[in-house]
There are 2 protein chains.
Amino acid sequence: MDNYRLFEYISQLNTANTYNQIKQVCTTFCQHLGFDYFIYGSRIPTSLVNPSYIVLSGYPEEWRNHYVEQEYLLIDPTVSHCMEHITPVLWEQFTKTTCKHDKTINKLFYEADDYGLCNGISYPIHSIHGEAAMFSLTTSLANKKSRAHIQSTFAVGQLFASYVHEAMKRIPDNSLLAKTNFYLTKREKECLLWTTEGKTSWEVSQILSISERTVVFHINNAIKKLNVSNKQHAVARAISLGHITPQF
Amino acid sequence: MDNYRLFEYISQLNTANTYNQIKQVCTTFCQHLGFDYFIYGSRIPTSLVNPSYIVLSGYPEEWRNHYVEQEYLLIDPTVSHCMEHITPVLWEQFTKTTCKHDKTINKLFYEADDYGLCNGISYPIHSIHGEAAMFSLTTSLANKKSRAHIQSTFAVGQLFASYVHEAMKRIPDNSLLAKTNFYLTKREKECLLWTTEGKTSWEVSQILSISERTVVFHINNAIKKLNVSNKQHAVARAISLGHITPQF
DNA sequence: CTCATACCTGTCATATGTGACAGCTTATAA
DNA sequence: TTATAAGCTGTCACATATGACAGGTATGAG
């Protein structure tokens, strides 16, 4: 893919305002590169136990349904690769070697084959605050035929995936907005920050040169705003939502 | 850059075992693309207040020293871009428009010019657990001359940066090893996980069908292993170090 | 069999957190 | 002026956490 076309796609993603517009750009990009299907999925750690998901699927609906029913997300090796790494992974890497003995994973790939997803490449996307996502491009061509083709899209695909993710984050999402539509004051953030370092309210009061009662006051306000039940919860949520970030 | 050469570089990074080997690959890559200098910097949130840093510098040492002395890290717009975004940024974007009025930032870019860093591109790298890094390539050519050149390396540079980061993570680092060289048991992780959700020890005991005392026992063990002082600290540290991760 | 480890449970004293009571100053915008 | 928000402080009662005491079972490795 020449640079001009790549920047054209990036520009389209940067101006997209709805999920459908982004989906349209992905579809065109996917076809342009000679792939059959694409999918984008993002996991937002609003909670460690119940994270939020956003999916933009260009997959056959029947395969998606089957995948969800079978809970393949839990065993899909491309997913676990993308959770642990930041470099792309070729699907054939799994069908060939590593998983030869794992029947459930082999079943997954054989069934994908039946739906026309024979080979593909998955790009991990990692963003601030532990946000994890992935973007996959698939082809119905057999491994040997598609290998060179896929490898030639290695770099552009990763870059494109990043812009898709940024575009997705820009779209206002009602289901997530309510959880993040507030702000913590400077003091509230300061008190929480030192709390993540294991400081007690009294210790924080000494650091900030205010009374212990005031620290408690700020932390309680933060707990109410974050809609959580105690300090541990507040610490986890404030980090996840990006209200407190590492200092330089 | 053709695919063969790109995969050659990736392969070299995948087999590198020391910082110097990685640095050598970066130097070659940098020169191959026609750039003058490169730098890789990573911030590991072992603590939110005092994060750990790892730098692989191919910059002129004088400029590095000056940069550190002046604490430019705190105002460098390429750094803040890379902390907030996952897409590359061209340096000329700042020297031209946004920062026209900001004297300190202009000073930074003018001084960089003097050291031969006239234009460049910075790639953000975000990894699991909020780990943030960046990889920059710079040239002594003026903006107009270097623009097309830089844009043509947009995609490969991002991919290369990802592999550099993975390689850096693979190198055993004594300064960090001590902080992560232990493991939490299944129960310890479970107890911490529910603690991040704001559950009290008693509530966790109900969820796991064990006594409250046992939950306290596991959490205390985790606190000792993590070398932290209380639950809040343990929650923050366990998330940062990746001992507990979002469930599916 | 012994050792190490994970896992489990109890009591007690003290420290800290949490929620509700009540009230203050300062700055800024309507 | 009034209203609003941020920041600040105090006391009391009760809940929960923390640390130290002491003890148990089950499992696998050597």
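By convention in this document, chain letters (A, B, ...) are assigned in the order of the sequence lines, proteins followed by strands, and residues within each chain are numbered from 1.
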Taking OP1 and OP2 of C:dA15, is either one under 4.0 Å from a side-chain nitrogen or oxygen of A:Thr200?
no
OP1, OP2 of C:dC7 versus side-chain N and O of B:Thr185: anything below 4.0 Å?
yes
Answer yes if the side chains of B:His66 and B:Glu111 hold a donor-acceptor pair under 3.5 Å, and no otherwise.
yes
Give a yes or no on this: more than 12 heavy atoms of other residues, nucleotides or ligands lie within 6.0 Å of atom CG of A:Asn227.
no
Base, sugar-phosphate or nothing for B:Asn230? Non-hydrogen atoms, less than 4.0 Å.
sugar-phosphate
What I'd like to find out is whether the side chain of A:Leu56 reaches to under 4.5 Å of the side chain of A:Met168, using heavy atoms alone.
yes
Please confirm whether any donor atom in the side chain of A:Arg187 sits under 3.5 Å from an acceptor in the base of D:dG7, or the reverse.
no
Look at the side-chain N and O atoms of B:Thr214 and state whether any lies under 4.0 Å from the OP1 or OP2 oxygen of C:dC8.
no
Which nucleotide wins on minimum distance to the side chain of A:Phe217, given the candidates D:dT9, D:dT18, C:dC7?
D:dT9
N/O (side chain, B:Ser201) to phosphate O (OP1/OP2, D:dA17) under 4.0 Å
yes
Using whole Å, report how far NE2 of B:His233 lies from P of D:dT18.
12 Å
Could you please name the option among C:dA6, D:dA17, D:dG7 that lies closest to any side-chain atom of B:Glu212?
D:dA17
Is NZ or CZ of B:Lys23 both nearer than 6.0 Å to the six-membered ring centre of B:Tyr40 and within 45° of the ring axis?
no
Taking the side chain of B:Ser211 as its heavy atoms from C-beta onward, which of D:dC8, C:dT9, C:dC7 lies nearest to it?
C:dT9
Nearest-nucleotide 5' precedence on DNA chain C, B:Lys186 against B:Gln232:
B:Lys186
Rounded interatomic separation in angstrom, taking NZ from A:Lys231 and P from C:dA15
16 Å
Would you please confirm or rule out a distance under 4.0 Å between OP1 or OP2 of D:dA6 and any side-chain N or O of A:Tyr183?
yes
Of the options C:dC21, C:dT18, D:dG7, whose atoms approach the side-chain atoms of A:Arg213 most closely?
C:dC21
